[in-house]
Every structure is written in C-alpha cells, then in structure tokens.
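Quick notes on the structure that follows.
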Amino acid sequence: MAEDKLPTRAEDFAEWYNQLVIKSDMADYAPVRGCMVVKPYGWALWENITSWLDREFKETGHVNAAFPTLIPMSFFEKEKDHVEGFAPELAVVTHGGGEELEEKLAVRPTSETIIGHMYAKWIKSWRDLPLLIVQWGSVLRWELRTKLFLRTAEFYWHEGHTAHASADEAKEEMYRILDIYERFCLEEAAIPVFKGTKSETERFAGAHTTTSIEAMMWDKRALQSGTSHYFSTNFAKAFEIQCLAKDNTLQFAETTSWAISSRIIGALIMVHGDDQGMVMPPRLAPIQAVIVPIYKNENEKTKVMEVADRIFMELKSAKIRVKMDDRENVSSGFKFNDWEMRGVPLRIEIGPKDIEKGTVALARRDKPGKEGKTFVSQSLLDQAVSGLLDEIQSSLLKRATEYRDANIHNPKDFEELKQVVQDGWAFSYWCESTECEKKTKEEAKATTRNIPFNQPEQEGTCIVCGKPSKRKVYFARAY
RNA sequence: CGGGGCGUGGCGCAGUCCGGCUAGCGCGCUUGCUUUGGGAGCAAGAGGUCGAAGGUUCGAAUCCUUUCGCCCCGACCA
C-alpha cells in the first residue's frame, strides 16, 4: 500500500485542508457546485456539537421548531438592509409543477423574514413574550468561492430567533447566547475565542448590533465562529411584530437572532489539525479511543482478541466512545496512520508482548511519536483512558490559546500594523470610523474582527488616523 | 463577468502536436496464499460509448465546428 500523505501545513495550508477533509472521511464533494456531502464520520462530529448546544438552549428556555425552506421573494424587500445584504446570494425557485410561479420563492439564506412574518401573527400581547425559538436546519447561499465546511452553498446550522418586550431583555438574550457559544468553544471544541462587537460594516444585514466570537486558525487567519445579533425593532417594524404592553399601548417587539454553523468544523480542523491529519478534541470526537489488536498467527490472535474484546466492553460500559479496528486486510501500521488521519484522540495497541506483561500501549493523538506513547496496566484501564482524554482536551485548549496569544501583536503605527497582519493579528486602538476600516482593508488586506468586551477604561489613539479613541479592536485577515 | 487551465476505468495521469492494429500506466477494488508493534508482498482478475453532439476520413481519444461541465486567480459571508 502506498503512502498517502498530506502536504504539510507549512507547504500548502489550503491544500492540506482540502485533502484532510476528504481523507479523514468527514465529507465529500457533491455533484452540485459548491455543495458538500457530510459523510457519517463528519455528521457524527456535527451531532456531538449540536447535541451540546441543543441541551444548553433548552436549559435556557428555548424551544425548537421548523420553518419552511422556501420564502416568498417579497419578504426580503421588507427590510432594506436585509435585502441588500442577501440579494446577491439568493437562489430563487421560479417554477413549480411545470408552471412558472406568480411569486418567485427564495431558498432561505437565513430565516429572519419568514419567522418575522409568523411572529407578527403569533404575538399579540406582552404575555406572548418572550418567544424563544430555535430552528435546526440548512440554508443556501450562492457562494462564489467555496470550500468544504468553511464556505459551502448549502450549510447546516441552528438559527435562534427571539422576540422580547424590552430592548434590555433582547440585548441580554444576545449576550446570554454569546456566552453559551464561548463556553461551547472553550469546553467542548477547545478553541479559545474573543467575544466582542462587530463594526458597522461587518454587521449583519438589518441588525442594530452584531456580536461575534472570533478564533485564530493555524495560519493565523481569523474565523468568525458564531454570531449573535440584536435587531432592536428593525425587523419588528418591517414585519409588524406588535403587541399590547401592560399599559395597553401598542409596542413593537425587540428581536434577536444568532447562529453557529457547520463552519465550526472547519475551525476544529484548522485550529487542532496537524501534519498527520485531523485532531479531534475528545469531548466532541465521534470515536474517542480506537483499539488496534496486533498478532502474527491464529494462536496469537486468539489470545490478543480475548483481551481486546474484554477491554472494549470495559471501556464501552465506562461510556467511552470506543471502536475496535479488527480489519484483517490492512496492516496495523496502516491502521495507525488511518486513525491519526481521522483524528481519534487515543489509540490503544494490544499485541503479544502486552498479553505477556498485562499491559497495553496508549498513544496520544495530540503528541505524535514516542512522546505520546505509554504502556499502562490492563487493570483500571477505563480510569486511565478517561484521565488521558481529559488531559488531551485541556492540553489542546492550552496549546491553541498559547499559539493565539503569541501571534497577537500591538503595532506602534499603521506601517507596523500592515506588517504584523501578514502573519498574525493586531490589537489596536481604532476610532471606529468606516474610512479607517476601509483603508486597513485596502492597504493591509485585513478587516476588523471585533471590538472585545470588558476593555480597560483607557484612551489611546487610532492606529490608522491618530485621532483619540476609546476602544481597541482586533485586525486580521479573515476567512 | 474578465484572465489561466482541464475533461481518457473509482482516483491520479500518459497518449492528442504528426489520425492506424486488442487505448496504456500508477493507486484503489475483487479473489487466493504469505504477512501484521508505523502506510505489507506475490499471483490471478474485474472495470473505460476517451465530457457531449455534429462533421472530415477507408479509419478519430487524436483533425474541424458547436456545446456542456469543472478547477484556479480578481467584486461577498456563518
């Protein structure tokens, strides 16, 4: 069997990514341009992501529902910014049942409009608020340049849509969700993120305020990994979401929307993956530990499999997601590489020598080679495995955080900013004017990512124009 | 939409300039035997209307015309 290596990340990061997605068996190209097929292994990862989020949403009072994929075109025209933002990437259905449609239908690129329409119908009284609905599904945006998981025409996500009686309550909701997103990234995905506010130009089409979590990829580019928007009454006015308040006056509702998409899988790949392939954080890994039995003949096979089967059952009952690789047609060396490509956090090798000594070999995915390989006793293996999985999880977060922090710079002036964003992020004072942002985009190829919350009360001068400014922003090249 | 490249078994390609016999090669796949502690070896097989349509010719993957599709680089986004 020939070697089937990835290019290294340093050689060609884009190509490394493309091949990794295919070879790790997470997704494949669909026959429709820009679309992907999420394969069972990739979907299992997505399910682990969604089930954690779904539980958190439900615990904070949200309920799930489903709205149609097709949206009347006229709905998009009701909110001026929204239509301008999404018009270029709409797919439109013009025919149905062989007849041309009187009103064209858009394939949803997001659901604010149709949900706004329904909310107007459902919300009549302050007693109907808050309304906290989450939709899990897919949306379609006619993207020009696509990349598996990162930017595909159709992608999977949840979209939360909430309506509230007051602006404060709606803003609170926006922040509450962003906190859940942050916790997901830190605790589950092992990806450090910055929470903050988007600039006016980076804001969601139709939003009053857009907040985001921003993560640094291995190539030091930024990836917006989740967003949470406060709409004020923009959509309520466009769709007439009105209710009678306690004082019997007619009020517009305050709404929000928020999302994390299957793009987060791209982030997992680009933050944790290495030159051998994927590295799954244990808490999200579809397979947390894989057992590779090793033997030369039937006699050895019998002895090895007996122990391997026992260990498999033991780990399974300890709620560890364990897989037995009993394929006979590939060598154990092939299996090692294969599971490394797929990013399984822990490999358990059991061979004749282990049977003699009552041990197994444990190989950590996050530490390749001998460094990550230890021999441990077969007894109490479930505890050893759980412990190691926890250790891998926290070690991945630590590594990613150190890497990110080491690549954030504090340039002295605009010239230096242009330099540092070629291979890192800049964290600088910015006057929050669109002109300075535009200049940065044109001359440094970097955009503002977000203005992080909780900044020290300190004044500085805008890195671009030198005017006094109150807050710092992250500048980076972004996906 | 502008510029560059490509369509040949599942994947990657050669062959095309200069038409000629059963269209090759590598990987993968199937079967068997030997292997298995870092991407195994040998043997025997299966698999292709050469992107599509039309034309030239005794004869087209190859020449001509038309057409479809894909990839890469410049205006958007989770």
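Excluded from the calculations below are hydrogen atoms, water molecules and symmetry mates; all remaining heavy atoms, backbone and side chain alike, are included. In what follows, every chain begins at residue 1, and chains take the letters A, B, ... in the order their sequences are listed. Nothing here was measured: the structure is a model prediction, and the numbers come from that model.
Within the shown strands, G69(B) is the pairing partner of C6(B) under the Watson-Crick or G-U definition, both distances less than 3.5 Å. Figure legend. G74(B) is base-paired to C1(B); pairs are counted as Watson-Crick or G-U wobble with both atom distances under 3.5 Å. Across all strands shown, C13(B) is found opposite G24(B) as a Watson-Crick or G-U wobble partner, with both distances under 3.5 Å. In this structure C33(B) sits in a base pair with G41(B), meeting the Watson-Crick or G-U test at under 3.5 Å. Under the Watson-Crick or G-U wobble criterion, with both distances below 3.5 Å, G54(B) is paired with C64(B). Applying the Watson-Crick and G-U wobble criteria (two distances, each under 3.5 Å), G48(B) pairs with nothing in any strand.
Spacing of C1' atoms, U8(B) relative to G48(B), comes out at 8 Å, to the nearest Å. As rounded to the nearest Å, U67(B) and C1(B) have P atoms that lie 13 Å from one another. As rounded to the nearest Å, C17(B) and C68(B) have P atoms that lie 26 Å from one another. Nucleotides G54(B) and C70(B) have their C1' atoms positioned 23 Å apart, rounded to a whole Å. Between G74(B) and C11(B), the two P atoms lie 28 Å apart (nearest whole Å). When the P atom is used for both G51(B) and G9(B), the distance is 8 Å, rounded to whole Å. Nucleotides G38(B) and U16(B) have their P atoms positioned 45 Å apart, rounded to a whole Å. Taking the P atoms as reference points, G45(B) lies 15 Å from G26(B), given to the whole Å.
Aromatic ring orientation, W258(A) versus H62(A): perpendicular (interplanar angle above 60°, classes split at 30° and 60°). Ring orientation note: the planes of H208(A) and Y230(A) are nearly perpendicular, at an angle over 60° on the 30°/60° scale. The aromatic rings of F235(A) and F239(A) sit parallel, their planes meeting at an angle under 30°, below the 60° perpendicular limit. Relative ring orientation between F67(A) and Y119(A) is described as perpendicular, the plane-to-plane angle rising above 60° on a 0-90° scale split at 30° and 60°. Note on ring orientation: taking the six-membered ring where Trp is involved, the planes of Y156(A) and W43(A) are perpendicular (angle over 60°, cut-offs 30° and 60°).
For the pair I355(A) CD1 and G37(B) P, the interatomic distance rounds to 16 Å; values are reported in whole Å. The interatomic distance linking K5(A) (NZ) with G39(B) (C1') rounds to 9 Å, in whole Å. At whole-Å resolution of the value, CD in E298(A) and C1' in U36(B) are 13 Å apart. Atoms CG (D325(A)) and P (G37(B)) sit 13 Å apart, rounded to a whole Å. The CD-C1' distance, from E15(A) to C72(B), rounds to 11 Å in whole Å. The CD1-C1' distance, from I294(A) to A40(B), rounds to 14 Å in whole Å. Taking atom CD1 of I22(A) as the reference point, atom P of G12(B) lies 11 Å away to the nearest angstrom. The NZ-P distance, from K357(A) to G37(B), rounds to 16 Å in whole Å.
Residue contacts for P352(A): at a heavy-atom cut-off of 4.0 Å it reaches a base atom on one of the strands shown. In this structure, K335(A) reaches neither bases nor backbone, as no heavy-atom distance under 4.0 Å exists between it and the strands shown.
Residue order along RNA chain B, read from the 5' end via each residue's closest nucleotide, puts R327(A) first among T146(A) and R327(A). Comparing D354(A) and G34(A) by the nucleotide of RNA chain B that holds the closest heavy atom to each, the one mapping nearer the 5' end is D354(A).
No donor-acceptor contact under 3.5 Å links the side chain of R347(A) to the base of G37(B).
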Scoring nucleotides 73-78 of chain B by protein non-hydrogen atoms under 4.0 Å (B base, S sugar-phosphate only, - none) yields SSBBBB

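Checking E437(A) against S199(A) by side-chain atom types alone, a donor-acceptor pair falls below 3.5 Å. For the 3.5 Å distance criterion, the side chains of Q135(A) and S111(A) qualify, holding a donor opposite an acceptor.
With hydrogens and angles disregarded, a donor-acceptor distance shorter than 3.5 Å links the side chain of Y181(A) to the backbone of A259(A).
Around atom CD of E84(A), more than 12 heavy atoms belonging to other residues, nucleotides or ligands sit under 6.0 Å away.
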